Structures are given as structure tokens and as C-alpha cells.
Amino acid sequence: MKTLNQRAWFFVLPVLVLVAFNALIPIMTVVNYSVQETFGDNLFFWQGLDWFQQILRSDRFHAALGRQFLFTGLILAIEIPLGIIIALSMPRQGFWVPVCLVTMALPMLIPWNVVGSMWNIFTLPDIGLLGYFLNHTLGIPYDMTQSPIAAWITIVVMDVWHWTSLVVLLCYAGLMSIPDAYYQAAKIDGASSWAVFRYIQLPKMKTVLTIAILLRFMDSFNIYTEPFTLTGGGPGNSTTLLSIDLVKIALGQFDLGPAAAMSLIYFAITLLVSWVFYTVMTKGDTN
Amino acid sequence: MARITLQNVRHSYLPHPEGDDDYALKEIDHSWEDGGAYALLGPSGCGKSTLLNIVSGLLTPSEGRIRFDDKEVTELPPDKRNIAQVFQFPVIYDTMTVYDNLAFPLRNRGRDEEIVKERVSAIAEMLEVTPMLNTRAANLSPDNKQKISMGRGLVRNDVNVVMFDEPLTVIDPHLKWKLRLKLKELHHRVNATMIYVTHDQTEALTFADQVVVMDLGVIVQIGTPVELFERPAHTFVGHFIGSPGMNILPCEIRDGGAFFHGQNVALEGPLTKAGNKTEIGVRPEYVVLAPTGLEGIVRRAVDIGRHIVIEVMVGDTRISVVSDGDLPEQGETVHLQFRQDQTRLYADGWLASKARS
């Protein structure tokens with residue numbers, strides 16, 4: 001016979017409090033804003049789902065969402081294959097292993113706003129190392145405050161520089177866990193290097209790659225600091241990603257209701273894509 | 001299928017080996033006959049895996065040559081040597097089905113799908129894995145995974161040699177026995193040369209017709225299981241094979257006879273060489289408790305089921321005795337006698353007595 005002991009709840013309490021203040025209360029505040037209209041003075045009017053309809057139908061939101069998917073798509077398309085290639089070409093043992101690992105980890109240790117500022121200065125046409133070199137030495141007109149293409153190239157290259165290492169390190173860890181016997185057996189079985197990659201390395205990297213893609217998807221989809229410090233969303237609106245647009249609506253125009261509705265939609269998209277991706281990737285593992 | 005000849009093979013993992021101690025393999029000169037079942041037996045670090053990898057081509061020896069029949073293969077990579085190797089931990093291609101796993105070595109060599117199908121079915125039949133052919137290999141139990149790795153080695157009908165590198169390490173004890181018999185059966189059916197590396201004497205002795213015992217990078221003795229047991233060529237073999245191992249007793253040589261603790265011990269026959277360190281070797285199975293003889297004190301006696309193992313201290317030398325009699329008391333004084341035709345002399349570790357003909 002089991003004795004009923006309700007005291008166990010006290011052990012869960014700290015977590016509940018933490019989650020409440022950390023997630024539940026802020027999210028509910030946002031939900032609260034998203035269905036009301038305010039003109040200040042703490043006066044609120046019930047608005048229903050109007051803000052959601054307005055956001056979902058607005059061209060501005062569609063454009064920002066489109067830019068966001070383009071950005072994240074480019075980031076994943078470049079960083080994942082590049083990360084795999086670098087991880088494959090890294091030494092497996094010897095003096096160069098720690099050198100490579102530390103070099104790889106360095107960009108990730110730099111604070112995000114510093115990365116933005118660094119690249120801003122780096123690419124200035126008059127005094128930046130890269131900007132000056134491109135404009136004055138090679139004669140290629142490059143100014144990301146003028147050209148949307150240049151701005152896009154810059155934010156993508158910056159993110160690749162900043163975050164490819166994460167993919168590399170995760171893949172490298174996956175590769176290091178493959179016992180030598182697998183490579184030896186493949187050699188004896190006469191497998192080509194493509195077959196070794198396809199049937200040994202890729203399957204063994206699958207778990208870490210899933211994590212890497214998820215992390216890179218979420219981080220790049222929610223990216224704010226670096227492009228904001230670098231381009232501020234410009235020139236024009238050309239690099240105004242979802243998060244930058246959101247901050248403009250919330251803090252620039254002080255439209256709290258639409259901003260709250262947009263946050264929730266933004267959150268729902270991130271969650272949905274991550275969930276679908278994770279479910280699909282891990283489906284075959286159990287049976 | 002081929003006869004494999006190793007000619008003065010030496011190997012060191014160091015780029016510039018100096019002394020003999022730098023070599024993981026010190027001078028191996030040996031032939032494996034076509035179609036034989038061999039075991040390479042030795043403790044961890046004795047160089048047996050190194051030797052195996054040299055035969056398979058995963059390692060190129062620092063010195064010496066390897067020939068398959070008359071073909072020089074020293075510099076050839078593994079896939080050009082037409083060999084198969086089964087590793088300690090089962091290597092399977094997780095994402096493929098069992099069928100695709102078995103077909104992989106054939107497909108890599110561009111064989112027709114028809115031939116692939118025929119070979120894979122035949123091998124699956126032999127290994128009794130036919131019902132699993134369409135399951136994903138990742139979902140198999142360890143023993144079935146190991147069967148699949150063996151199958152990948154056997155599926156090519158032209159392999160020169162199949163090598164096993166301690167293949168039963170991860171297999172449950174009750175399945176080990178079954179797999180070992182399976183291997184033996186496979187050897188008879190496919191008739192390929194097989195080399196089996198292990199540090200487990202039972203595995204080596206059940207599998208092989210000829211056992212190669214290695215220690216510290218050299219081959220100590222090559223022989224049938226019976227030869228290794230009956231006439232170890234070196235005290236290492238005597239000690240390593242058998243459970244408990246051979247009793248090795250330091251002795252003095254005087255007037256052509258061996259003296260242990262002042263008592264003359266009758267040897268199997270005349271001495272063949274002298275040495276600085278001389279020892280008497282006699283297996284516990286050939287030591288008997290008798291009314292007279294070498295006096296000692298029972299230190300421990302254990303009933304291990306079929307017989308009892310008694311540890312007797314003579315001075316500070318321990319002698320193991322395997323006996324079918326009653327369990328003696330600890331501390332009891334007993335007398336030991338050695339069966340003369342099984343009592344050998346070793347000089348500097350090597351056999352130094354000759355059987356009387």
C-alpha cells in the first residue's frame with residue numbers, strides 16, 4: 001500500500017516559479033497585448049483577433065518573412081555543407097588538432113554586437129580593410145550602405161564566419177566517435193571515399209547534424225543583434241529581417257498590439273518548423 | 001585462396017626504431033598454408049593484431065616482404081589484396097538492410113546484381129540469417145551483427161584469406177560457443193584460409209588446426225593444440241595455455257640431473273642445451289599426491305567441479321596440482337610426485353630436454 005505524500009510538490013515548486021517568471025508570465029503578457037488596443041495611460045480596449053488578421057495580411061510582414069526565410073535558407077545552405085567539409089578535412093590526431101579546435105572556437109566566443117561592429121568597420125569603403133581593398137585596390141564598387149546586394153552578402157558572410165564553427169565542432173565530434181574499424185572494414189570491402197562518406201560518416205553524424213541544423217535554424221531565424229549593428233535593416237528595408245521589423249513596430253512605432261501579435265506568429269513559425277524538422281529526422285530511429 | 005608467406009617481417013610504430021624493443025613485431029618468418037585454420041594466440045600487446053593488419057594490408061611492415069602464393073603484395077592496399085577481415089566490434093552499415101550489407105563488397109567491385117543475389121542468398125543461408133535479410137542492420141543484436149560482418153567477409157568467393165580479430169569479444173558467453181562452432185563449420189564449407197586472432201586459449205584451441213603463440217613480438221611456438229599442451233616449447237606457452245598453467249620450478253643442474261629444493265627430479269630425457277636460468281616444467285595434470293616425494297604444505301584447495309585444484313607450497317615456490325581425489329585440508333603436509341615422461345627442462349625459457357625414444 002502506498003502512502004500519499006503531497007510534500008513532493010514542494011520540490012517542484014522552484015522550477016514552477018522559475019518557469020513562470022522566465023516564460024509563462026512574459027508570454028501571457030504578450031498574449032494579453034496581442035488581443036487589445038491601448039492609447040497609453042494604461043487604458044486597454046478589447047480587439048479580438050484583429051491584430052493577427054492585420055499582420056497576416058500585411059505586405060510588410062510578408063516581405064520581412066520572405067527576407068527571413070531567404071536569410072535562414074542561405075545560412076543553412078552554406079554553413080551545413082561547409083561545416084561538414086571542414087570537419088572532414090580536419091586532422092584526427094596530432095599537434096594540429098588543438099590548434100584547429102581553438103581557431104574554430106574563436107569566432108563563437110565574440111559577443112554578437114561586437115561581431116556586428118567589427119564587420120561594420122571591416123567593410124567601411126574608406127577605412128575598412130575589406131571595404132578599402134575592394135573599392136580602391138580591386139576597383140569593385142562595394143558599399144553596403146548603398147547597395148542591397150552588398151549588404152546581403154555582408155550579413156551572410158558575417159554569419160558564416162561567426163557560426164560555421166558550431167557546425168564544424170558538432171560534426172567533428174560525430175566523426176571522432178567513429179571507430180577505426182569502420183574505416184578499415186570499408187577499405188577491405190573496397191568502398192570508394194564517397195561510399196565511406198555516404199554509408200559510414202553521414203549516418204554517424206546524423207544525430208549531431210540534426211542538432212546543428214536545428215540550432216542554426218533557430219538562431220538564424222531569430223537573429224537580431226548582428227544585422228542590426230551592421231546594417232540597421234538597410235539600405236531601405238532590404239535587410240530588415242523579422243526581428244528587426246518587430247523591434248521597429250514595438251519600440252519605434254510603439255504599436256504594442258500588432259507587435260505582440262507578430263511576436264506570437266513569429267514564435268509559432270519557429271516552433272512549427274523546428275518541430276516538423278526534428279520529428280522527420282528522428283522518425284526512423286526507433287523502429 | 002592462397003598460401004601466405006611472411007619473409008623476415010619486422011614492424012615498428014616508431015619512425016626511427018633503434019633497439020629491438022622499439023619493434024612491435026620482431027622478425028616473423030612464417031607461412032600459412034592454403035585452406036588452413038590458424039589461430040594467433042597471445043596476451044594483449046604481443047603483436048598479434050599488428051601481424052594481422054600487416055597481412056590484411058592496413059599496415060605496411062617496416063621491413064620484410066609478404067607474398068600471396070607467388071605474388072608480392074607488401075605494398076598493395078587492402079582492397080587490392082582480396083582479403084576479408086572481421087573486427088572485434090561488429091562493423092555494419094547502419095542505414096542499409098542486412099541484404100545490402102552483405103551485397104556491399106560485391107557491388108563495390110561492380111558485380112552483376114544476379115551474381116550478387118546468388119552469393120548473398122547462399123551466405124545468408126549458411127549464416128542462418130535469411131529471415132533477417134530485409135531488416136535494417138542497425139536493429140540487430142550484437143551476435144547477429146557480428147554474423148553479418150563475417151558474412152561480408154565470406155560473400156566474395158575469391159578471397160585469399162579471412163581474418164578474425166578477436167571477433168567474439170562482445171558476444172554473450174552462451175552465444176560464443178555457437179558462433180565458434182559456426183565458424184568452424186564455415187571453414188569446412190568455404191575452404192578459405194582463416195586466421196583467428198585471440199587472447200582466449202579456448203577460442204584458439206577449438207577453432208584452429210594450428211595455433212601460433214606469440215609473445216613480445218615474436219612467435220614462440222607453432223603447433224596443434226595437443227602439441228602446445230603436451231610439449232610447450234617455451235615456459236611462456238606452458239604458462240599461457242592450460243588452466244592453471246604449467247608449473248615452472250627454478251632448479252639447479254648438477255651431474256646431468258635437475259635438482260629442485262635439493263631433490264633430484266627425474267626428467268623426461270637427456271638435456272639438449274644449457275642456460276643461465278634453468279627451470280623444470282610440469283603441468284598440474286601430471287603432478288600427483290603420493291605417500292612419498294617432494295614435501296609441501298597445502299595452501300589452498302578448490303573444487304572446480306570435475307576435479308580439484310590444489311596449491312602446494314614447497315619452500316616459497318607454488319605448485320598447482322590437478323587431482324580427482326579428496327579435498328585436502330589447508331596447512332596439511334603432502335608429498336608430490338611428477339610423471340616422469342611429462343617433466344621437462346627449460347633453459348633460459350626454452351625447452352631443453354628431449355623425450356626418451
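Small disclaimer: the values here were computed from a predicted structure and weren't measured. Numbers restart at 1 for each chain; the letters A, B, ... are given by sequence-line order, proteins then strands.
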Quiz item: Any chance CH2 of A/Trp96 has more than 12 other-residue heavy atoms, nucleotides or ligands included, within less than 6.0 Å?
Solution: no

Quiz prompt | B/Arg156 portion near chain A, given a 4.5 angstrom heavy-atom threshold | solution = side chain

Quiz prompt | Verdict with supporting geometry, A/Tyr182 and B/Phe87, side chain to side chain contact (heavy atoms under 4.5 Å, CB included) | solution = CA-CA 9 Å; A/Tyr182 275 79; B/Phe87 296 88; over 6 Å; no

Practice problem: Grab the two heavy atoms, one from A/Gly190 and one from B/Asn108, that are nearest each other, plus how far apart they are. | Solution: O-CB, 3.4 Å

Quiz item: If you look only at pairs with a residue in residues 62-81 of chain A, which of them pass as a salt bridge (charged side-chain N to carboxylate O under 4.0 Å, His left out), with sequence neighbours excluded?
Solution: A/Glu79-A/Arg216

Quiz prompt | Considering all heavy atoms, the nearest B/Val91-A/Ala185 contact | solution = CG1-CB, 3.6 Å

Self-check item: Heavy-atom neighbours of A/Phe228 CZ exceed 12 at 6.0 Å
Solution: no

Quiz prompt | Whether B/Asp79 side chain and A/Ile188 backbone form a donor-acceptor pair below 3.5 Å | solution = no

Quiz item: Are A/Lys204 and B/Asp94 close enough for a salt bridge, meaning some N to O gap below 4.0 Å?
Solution: yes

Quiz prompt | Pairwise distance CE(B/Met96) to CZ(A/Arg198) - rounded to 0.5 angstrom | solution = 7.5 Å

Exercise. Would you please say whether a donor-acceptor pair under 3.5 Å links the side chains of B/Tyr93 and A/Asp189?
Key: yes

Self-check item: Value rounded to 0.5 Å, distance of CG in B/Leu58 from OH in A/Tyr183
Solution: 14.0 Å

Quiz item: Does atom OH of B/Tyr13 have more than 12 heavy-atom neighbours from other groups under 6.0 Å away?
Solution: yes

Quiz item: Is A/Ile149 atom CD1 crowded by more than 12 heavy atoms from other residues, nucleotides or ligands, each under 6.0 Å away?
Solution: no

Self-check item: Neighbour count above 12 (heavy atom, 6.0 Å) for A/Phe277 CZ
Solution: yes

Quiz item: When rounded to the nearest 0.5 angstrom, what is the spacing between CD in A/Gln184 and OG in B/Ser56?
Solution: 7.0 Å

